[in-house]
**Q** 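Structure below; questions to follow.
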Amino acid sequence: MLAELISENQPCVALTGAGVSTESGIPDFRSPSGIWAEYDPYEVASIDGFRRDPARVWEFYARRLDVLAGAQPNPAHHALAQLEERGMVRAVITQNVDGLHASAGSRDVIEVHGSIATASCTACGRREERERIRELLPLPRCVDCGTVLKPDVVMFGELLPSSAIDRASDLARNAALLLVVGSSLEVWPVAGLPEETLARGGCLAIVNREPTPYDLRAALVLHGSAGGILEQCVRTMTSSS
Ligand code: APR
């Protein structure tokens, strides 16, 4: 079913969320065991929270850096990279900041919520890489001007990088199929991308453990493991080619 839907509805664009990385050992946000069950997003992932108590935000991100340091791409990431390789997926729009799509070999990845791989000085713009950030913990400061660095991830209350969200909207508008993998589709403006596909006559396929607000409008909904489902999809394509 999914393999046929992708083959028959080109171009296909993937839209992923934290659910594509849970099989790499990275917790998602809104599952019962997700990160927001343990942390208050306003406190550790909003720009107001960062300005109020940057040390608290860095304590949260230091832990995320540790979790991501050991994470490897899982079969879902590899399957999406293989689908791109076969010309079946044009690009991956991801809300994830873990860099695992690129590690799995996906070449055209749009990180609409930024990346945890770097942090920047909000005063002078100096950018530091992950290794240097870890040396500067627990409260990384700019070596040039002393200002506290901010992780290069989009926090609640911030605008998304305009080039990324503009390209993501363009891809969604022109997709014959938007393949959503591992997202609750609850956070805007990304949650508006499936609407852009539908509005232009495209269709949705949703691979997600739990229901999403778009399930009733999707051509196909598969509630299950992203890794297992996408691996099976590539196997089906391979055996029928
Ligand atoms: N296979 C399929 N689906 C899964 C799997 C899996 N292995 N693991 C989790 N899921 C599903 C969950 O059921 C959930 O509906 O993935 C979805 C993840 O949803 P969220 O935790 O809300 O993550 P996401 O949609 O990426 O959140 C968007 O919110 O907090 C912000 O910036 C953060 O980018 C994030 C944004």
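Atoms within each ligand, like the ligands themselves, are counted from 1 in listed order.
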**Q** What distance separates Cys142 SG from Arg126 CZ, expressed to the nearest 0.5 Å?
**A**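 That separation rounds to 6.0 Å.
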**Q** Students should find this: residues with any non-hydrogen atom under 4.0 Å from ligand 1. What is the answer?
**A**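 Close residues (ligand 1, cut-off 4.0 Å): Gly17, Ala18, Gly19, Thr22, Glu23, Asp28, Phe29, Arg30, Ser31, Trp36, Gln95, His113, Phe156, Gly182, Ser183, Ser184, Val187, Asn208, Arg209, Glu210, Gly224, Ser225, Ala226.
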**Q** Just by distance, no angles: are the side chains of Ser106 and His77 close enough, under 3.5 Å, to form a donor-acceptor pair?
**A**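 No, no side-chain donor-acceptor pair sits under 3.5 Å.
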**Q** Atom OH of Tyr42 and atom CD1 of Ile47: how far apart are they, to the nearest 0.5 Å?
**A**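 CD1 of Ile47 is found 10.5 Å from OH of Tyr42.
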**Q** Return the set of residues passing ring pair (Phe, Tyr, Trp, His ring centres under 6.0 Å) with Tyr214 (not counting sequence neighbours), or none when no residue passes.
**A**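 Tyr214 satisfies ring pair (Phe, Tyr, Trp, His ring centres under 6.0 Å) with no residue once adjacent residues are dropped.
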**Q** Scan side-chain atoms only and decide if Arg63 and Tyr39 contain a donor-acceptor pair under the 3.5 Å cut-off.
**A**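 Side chains of Arg63 and Tyr39: pair found under 3.5 Å.
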**Q** Have Ser169 and Glu196 got a donor and an acceptor in their side chains that come within less than 3.5 Å?
**A**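 Checked: Ser169/Glu196 side chains pair up, N/O donor to acceptor below 3.5 Å.
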